[in-house]
Chemist: 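Could you have a look at this structure, given as structure tokens, before my questions?
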Amino acid sequence: MSRPEYQAPPEIYYGDAEAKKYTQNTRNQQIQADMTYRAIELLNLPPDEPAFLLDIGCGSGLSGEILDEEGHIWAGVDIAPSMLEVALERDLDGDLFLQDIGQGFGFRPGSFDGAISISVLQWLLNAETSHPTSSPPHRLTRFFTTLHSALRNPSRAVLQFYPTSDDQIQLITSIAQKAGFGGGVVVDYPNSKKARKVFLCLFVGGGGTQQQMPKGVEGEDDEHARFERRREKEKKRSTSGKRKNIKDRDWILRKKELYRQRGKEGVPRDSKYTGRKRKATF
């Protein structure tokens with residue numbers, strides 16, 4: 001059997017104009033938002049606490065925008081310079097890195113509280129060259145071993161992807177397990193050809209209820225489910241503010257400490273005024 005030729009993600013070929021057009025497309029925005037919300041849900045993070053997350057294949061920051069909205073700190077990696085340029089222009093809070101994830105990550109061990117990825121993992125299934133080290137198994141091995149190292153214990157990584165066969169799912173999950181991950185595949189809407197979504201939900205260490213395998217969403221009416229989730233989130237925002245009313249003193253101190261841990265400069269010092277509500281002015 002001949003080795004498949006390498007196929008880079010379409011966005012790697014985007015110029016600045018195409019990257020901006022992709023980002024401004026309202027359908028792309030909604031699909032990315034829906035899957036990012038679901039990935040965050042599957043991460044099962046402690047409620048009302050900011051986390052330091054890795055966004056793998058962050059592109060122009062559509063998923064990072066949701067992470068900002070949810071009150072998290074994040075760093076994003078992507079292979080496409082044009083998409084990262086758009087992300088910079090959008091003035092998001094995350095740190096951005098130009099990175100081929102098939103070459104692995106160089107982050108310090110235990111840097112992140114979790115990781116998400118939307119519609120990226122399947123690109124590692126393409127052979128970059130005919131050299132054995134560029135084969136899908138080698139690229140997947142570098143990806144999963146360095147990702148496992150970059151995550152703290154315990155934590156999760158949730159990677160949404162589009163497999164074309166059960167063999168691809170088996171290959172990916174087996175290599176992830178060899179890298180030290182627990183967990184497996186979560187399938188939302190398994191009986192719907194259009195709405196079906198596959199998430200690789202991986203665990204680093206831990207046990208008990210925190211690391212129990214989540215269940216996929218059943219049913220076929222994806223549009224109705226998305227509408228219900230959006231309506232519920234809008235309801236929360238209307239009653240508790242855009243970021244779920246988590247900006248109390250403890251939350252602010254936690255987020256400032258995360259900024260300091262990752263070496264961010266100019267973080268304000270803690271004081272008795274940290275988190276104090278300002279008096280209304282008239």
Chemist: Look at Arg152 together with Asp113 and state whether they make a salt bridge at an N to O cut-off of under 4.0 Å.
Modeler: yes

Chemist: Calculate, to the nearest 0.5 Å, the distance between atoms CG and CG belonging to Leu125 and Leu140 respectively.
Modeler: 5.5 Å

Chemist: State whether the side chain of His72 and the backbone N or O of Phe52 hold a donor-acceptor pair below 3.5 Å, judged by distance alone.
Modeler: no

Chemist: Do you know which two heavy atoms are closest between Ala115 and Leu147, and how far apart they sit?
Modeler: CB-CD1, 4.1 Å

Chemist: Under a 3.5 Å distance rule, please check whether Arg142 uses its side chain to pair with a backbone N or O of Gly102 as donor and acceptor.
Modeler: yes

Chemist: Taking all atoms of both residues into account, what is the closest heavy-atom pair of Pro50 and Gly71, and its distance?
Modeler: CB-O, 3.3 Å

Chemist: Are Ile66 and Leu88 connected in a single hydrophobic cluster, I mean Ile/Leu/Val/Met/Phe/Trp/Tyr linked by side-chain heavy atoms less than 4.5 Å apart?
Modeler: yes

Chemist: Whether Glu41 and Arg38 form a salt bridge (side-chain N of Lys/Arg under 4.0 Å from carboxylate O of Asp/Glu) is what I want to check.
Modeler: yes

Chemist: Does the pair Thr36 and Ile116 meet the rule for a side-chain contact (heavy atoms from CB on, under 4.5 Å), with working shown?
Modeler: CA-CA 8 Å; Thr36 302; Ile116 67 167; 3.9 Å; yes

Chemist: On a heavy-atom basis, which atom in Arg139 and which in Leu124 lie closest, and how many Å separate them?
Modeler: NH2-CD2, 3.8 Å

Chemist: Please report the C-alpha distance between Val185 and Phe199 in whole Å, then the side-chain angles of each, then the deciding distance to 0.1 Å, and finally whether the side-chain contact (heavy atoms from CB on, under 4.5 Å) criterion is met.
Modeler: CA-CA 6 Å; Val185 172; Phe199 294 85; over 6 Å; no

Chemist: Can you list everything that forms a side-chain contact (heavy atoms from CB on, under 4.5 Å) with Asn25? Sequence neighbours excluded, please.
Modeler: Arg27, Asn28

Chemist: Indicate the atoms forming the closest heavy-atom contact of Ile79 with Leu98, along with that distance.
Modeler: O-CD1, 3.6 Å

Chemist: Check the side chains of Asp95 and Trp74 for a donor-acceptor pair under 3.5 angstrom, ignoring hydrogens and angles.
Modeler: no

Chemist: Is there a chain of hydrophobic side chains (I, L, V, M, F, W, Y, each step under 4.5 Å between heavy atoms) that links Val120 to Val86?
Modeler: no

Chemist: Donor-acceptor pair, distance only, cut-off 3.5 Å: does the side chain of Asp188 make one with the backbone of Gly216?
Modeler: no

Chemist: Hey, what do you get for CG (Leu43) to CG (Leu53), rounding to the nearest 0.5 Å?
Modeler: 6.5 Å

Chemist: Tell me, which pairs form a ring-ring contact (aromatic ring centres under 6.0 Å, His included) where one or both residues lie in residues 141-160, sequence neighbours left out?
Modeler: Phe105-Phe143, His148-Phe181

Chemist: Taking only residues two or more places apart in sequence, or in another chain, which ones meet Gln168 in a side-chain hydrogen bond (donor to acceptor under 3.5 Å, both in side chains)?
Modeler: Thr164

Chemist: Report the residues that fulfil side-chain hydrogen bond (donor to acceptor under 3.5 Å, both in side chains) with Ser165, sequence neighbours left out, ordered by chain and then residue number.
Modeler: none

Chemist: What is the distance from atom CE of Met83 to atom CG of Leu96, rounded to the nearest 0.5 Å?
Modeler: 12.0 Å

Chemist: Over all heavy atoms of both residues, which pair between Cys58 and Asp78 is shortest? Give the atoms and the distance, please.
Modeler: N-OD2, 3.4 Å

Chemist: How close do Tyr162 and Gln122 get, heavy atom to heavy atom, and via which atoms?
Modeler: N-OE1, 3.2 Å

Chemist: Looking at CD1 of Ile101 and CG of Leu121, how far apart are the two atoms once the value is rounded to the nearest 0.5 Å?
Modeler: 6.5 Å

Chemist: Listed by chain and number, what are the ring pair (Phe, Tyr, Trp, His ring centres under 6.0 Å) partners of Phe97, not counting sequence neighbours?
Modeler: Phe107

Chemist: side-chain hydrogen bond (donor to acceptor under 3.5 Å, both in side chains) for His138 and Thr141? Distances and angles first, verdict last.
Modeler: CA-CA 5 Å; His138 277 82; Thr141 298; over 6 Å; no

Chemist: Which distance, rounded to the nearest 0.5 Å, do you find between the CZ of Phe112 and the CG of Leu151?
Modeler: 8.0 Å

Chemist: Tell me the side-chain hydrogen bond (donor to acceptor under 3.5 Å, both in side chains) pairs involving residues 51-67, sequence neighbours left out?
Modeler: Thr23-Ser60, Asp55-Ser63, Glu65-Arg90

Chemist: Is there a donor-acceptor pair closer than 3.5 Å between any side-chain N or O of Gln160 and the backbone N or O of Ser119?
Modeler: yes

Chemist: To the nearest 0.5 Å, what is the distance between CG (Leu42) and CG (Asn44)?
Modeler: 9.0 Å

